[in-house]
K.L.:
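Dropping a structure here in structure tokens format, bear with me for questions.
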Number of protein chains: 2
Amino acid sequence: MSTVTLAQVAKQAEVSTATVSMVLRNRGRISDATRQRVLKALDDLGYVYNQTAANLRNRTSNQVGLLLHDITNPFYGEMTAGLSQEMERHDLLLFLANSEESGERQQKFVDSLMRNNACGMVLCAARETPPLFFETLKRRNIPAIMVVRPMDDVDFDFVGTDNFLGTQLATQHLLRLGHTHIAFIGGSENSISRAQRIGGYSSKLLEHRIQPKSEWVVSSLASQSDGARVAEELFRQYPEITAAVCYQDIVALGVMQTLRKMGRQPGVDFALVGFDDITEASLVQPALTTVSVAAKEIGRKAGELLFSRIQGNDEPPKRIILPPTLVVRESCGFGSLR
Amino acid sequence: MSTVTLAQVAKQAEVSTATVSMVLRNRGRISDATRQRVLKALDDLGYVYNQTAANLRNRTSNQVGLLLHDITNPFYGEMTAGLSQEMERHDLLLFLANSEESGERQQKFVDSLMRNNACGMVLCAARETPPLFFETLKRRNIPAIMVVRPMDDVDFDFVGTDNFLGTQLATQHLLRLGHTHIAFIGGSENSISRAQRIGGYSSKLLEHRIQPKSEWVVSSLASQSDGARVAEELFRQYPEITAAVCYQDIVALGVMQTLRKMGRQPGVDFALVGFDDITEASLVQPALTTVSVAAKEIGRKAGELLFSRIQGNDEPPKRIILPPTLVVRESCGFGSLR
DNA sequence: TTGTACGCGTTATCAT
DNA sequence: ATGATAACGCGTACAA
């Protein structure tokens with residue numbers, strides 16, 4: 001399995017390396033006769049193209065990086081699938097890294113991408129990313145698309161979902177069903193996404209002349225167990241609450257547990273809306289009504305945009321905000337108001 | 001942001017490129033004085049190492065591939081996280097591809113890896129992979145670890161879970177609770193994993209002098225709805241069945257639906273065990289007793305093994321079979337025999 | 001420590 | 001019209 005080189009193929013086909021190269025990439029004008037000779041030689045010798053050599057020569061590569069903080073989260077799994085599809089369409093290879101919210105790992109990955117001459121990247125930055133990270137990234141001059149987590153830095157392309165609209169839809173739904181005591185559960189304090197979602201929730205309440213209560217807005221970790229814990233505290237203190245908009249489906253699932261534990265029935269005497277539409281949402285009993293953000297679509301759009309940047313598209317930074325939709329299932333009951 | 005090369009750094013530090021290279025990689029003996037000079041030059045010029053050039057020269061790379069068929073599946077998400085950790089520990093970059101069970105995409109990915117001089121790969125092969133795929137892969141002489149889906153080809157390293165033991169545990173549990181009419185539900189006909197799980201199930205029955213009935217072993221798609229459909233047919237025909245080992249948790253969830261629909265209560269007059277321990281398992285009511293396989297650990301072990309192969313470990317192919325554990329929850333009731 | 005040939009494909013320039 | 005020549009991208013490692 002020794003490496004067959006272009007030169008060897010050239011010799012075999014009795015042409016120059018230039019010719020072989022041109023045949024390989026369908027460039028230049030090659031007579032059909034020589035083309036055939038070359039193709040035969042290529043095949044006979046079992047040539048394997050050396051992308052590394054080409055990349056070195058071209059000062060680029062066909063490799064892009066994807067940085068997530070939690071690949072375990074089905075939401076990011078979906079997104080990754082979407083991006084992966086798009087990358088494959090353009091013959092780009094995808095590097096994956098999982099920062100697990102560590103700024104250090106994140107930096108290490110980006111450095112690695114630079115060393116490897118990656119031609120672009122898609123980032124969902126770690127929560128506590130220092131501004132310096134973004135500054136140096138800009139200086140690098142390599143296409144980078146931010147996803148999911150809203151950025152205030154307008155110099156980057158961004159693809160994400162409309163958090164505000166999402167919780168507006170959710171809250172609206174609850175209001176229509178007649179609820180007036182609606183809580184907001186989940187998300188971490190310093191998250192911009194969360195701020196936006198709270199915005200949608202509270203604005204909708206106000207629109208209906210209901211005062212949002214800060215005591216009914218509680219934060220939690222992105223886990224079912226913490227969602228359950230937080231909800232228990234909340235409901236114990238404010239049993240008058242009859243509905244909740246949750247920051248995430250995972251949290252909503254935790255809330256469900258708590259409700260049951262406290263003798264209440266989600267979908268019957270309590271209405272619950274999630275956010276994300278992860279697969280579990282449709283499996284749980286009662287199936288969770290939730291805001292669907294088409295994670296796969298975010299991945300695809302990010303891929304499209306990245307590819308265009310790689311192709312040289314130098315329009316000003318874009319913000320692609322995908323509209324979420326409300327998926328009505330069973331967790332809010334079957335109100336007559338549809 | 002023009003590319004700074006080793007040569008430029010060398011000139012700046014008034015040394016040779018060889019020296020700079022050695023400083024960069026901590027090789028050879030360099031006087032502390034020159035080292036300092038070089039480091040300063042490196043820093044002053046903002047040098048970025050060109051891994052591509054190094055890879056070309058070394059005829060290797062620091063890049064490995066991971067092929068899955070469904071990154072969306074939380075199980076594979078976990079596994080990927082485990083592998084990713086291990087890769088990062090060794091400064092390897094991870095290429096990810098999602099075959100979606102397409103042999104074509106799979107082949108394309110592996111070809112791509114070859115062109116890019118990847119130094120190894122972890123594969124969860126598509127279901128209908130032609131033998132030729134494996135044959136040519138072997139010839140490539142590049143470390144490849146198979147994961148999760150059992151292989152009959154003993155020439156490959158393999159990391160997976162002990163399907164046989166898993167269903168033995170599950171079946172044992174049911175037997176101890178006093179059940180004797182136990183079905184096996186789910187999995188697709190041509191799956192080796194399934195064969196192994198059926199093996200664990202039937203061997204345990206036989207051990208207890210119970211004849212496994214082929215009519216009580218039914219297959220299904222990997223979805224809740226098909227699990228429900230299949231179960232309904234089965235239970236209608238054989239109402240004497242009081243327990244089931246399911247091929248997957250998803251299927252078990254479907255079976256639960258059916259039971260309820262037929263007026264039976266999982267955990268009370270029917271005992272159900274799943275396999276995988278997906279997150280939903282702990283969420284459903286009653287919470288699902290299931291066989292848990294440490295997905296992340298599979299990823300880690302695969303990473304470890306791959307790394308050792310890359311390092312030149314040429315022991316004969318290994319099979320690392322991780323023992324699953326039974327997670328007892330509520331879906332089998334609370335038998336006195338514990 | 002250094003000089004330099006080398007890994008391998010690319011492409012601009014030149015030749016027929 | 002076709003194809004060849006050779007410099008080039010940049011880090012590595014061996015001989016000196």
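As the structure is a prediction and not an experimental result, all values here were calculated from the model. Hydrogens, waters and symmetry mates are skipped; everything else that's a heavy atom, side chains included, is used.
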K.L.:
With a 4.0 angstrom cut-off to heavy atoms of chain A, pull out the first and last contacting nucleotide of DNA chain D, in 5'-to-3' order.
P.N.:
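Going 5' to 3' along DNA chain D, contacts run D/dT2 to D/dC10.
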
K.L.:
Under 30°, 30 to 60°, or over 60°: which ring-plane class applies to A/F95 and B/F95, parallel, tilted or perpendicular?
P.N.:
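A/F95 and B/F95: parallel rings.
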
K.L.:
Would you say NZ of A/K138 has more than 12 non-hydrogen atoms from neighbouring residues, nucleotides or ligands within 6.0 angstrom?
P.N.:
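It does: A/K138 NZ has more than 12 such atoms within range.
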
K.L.:
Flag yes if more than 12 heavy atoms outside B/K296 fall under 6.0 Å of its NZ atom; otherwise flag no.
P.N.:
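Above 12, so yes.
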
K.L.:
Under a 3.5 Å cutoff, is there a donor and acceptor pairing between the side chains of B/E100 and A/Q85?
P.N.:
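Short answer, yes.
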
K.L.:
Which of these, A/L322, A/I320, A/T161, sits in a side chain to side chain contact (heavy atoms under 4.5 Å, CB included) with A/E297?
P.N.:
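Answer after filtering A/L322, A/I320, A/T161: A/L322.
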
K.L.:
Is it the case that atom NZ in B/K108 sees more than 12 heavy atoms from other parts of the structure closer than 6.0 Å?
P.N.:
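Above 12, so yes.
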
K.L.:
Other residues, nucleotides and ligands only: do more than 12 of their heavy atoms fall within 6.0 Å of CD on B/E14?
P.N.:
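Open.
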
K.L.:
Side chains of A/T19 and A/S16 only: does a donor on one sit below 3.5 Å from an acceptor on the other?
P.N.:
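A/T19 vs A/S16: donor-acceptor pair found between side chains.
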
K.L.:
Of the residues in residues 32-41 of chain A, which ones touch DNA chain D at a heavy-atom distance under 4.0 Å?
P.N.:
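Only A/T34 qualify.
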
K.L.:
May I ask you to check whether over 12 heavy atoms, not counting those of B/Q311, lie within 6.0 Å of atom CD?
P.N.:
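Atom CD in B/Q311 is crowded, with more than 12 foreign heavy atoms closer than 6.0 Å.
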
K.L.:
Quiz question: by atom type and distance under 3.5 Å, do the side chains of A/E88 and B/N98 form a donor-acceptor pair?
P.N.:
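On atom types as modelled, these side chains do not qualify, holding no pair under 3.5 Å.
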
K.L.:
NA contact type, B/V20, heavy-atom cut-off 4.0 Å: base, sugar-phosphate, or nothing?
P.N.:
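Result for B/V20 = nothing.
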
K.L.:
Could you write nucleotides 7-16 of chain C as a row of B, S and -, 5' to 3', where a protein heavy atom under 4.0 Å of any base atom gives B, of only sugar-phosphate atoms gives S, and otherwise -?
P.N.:
BBBBB-----

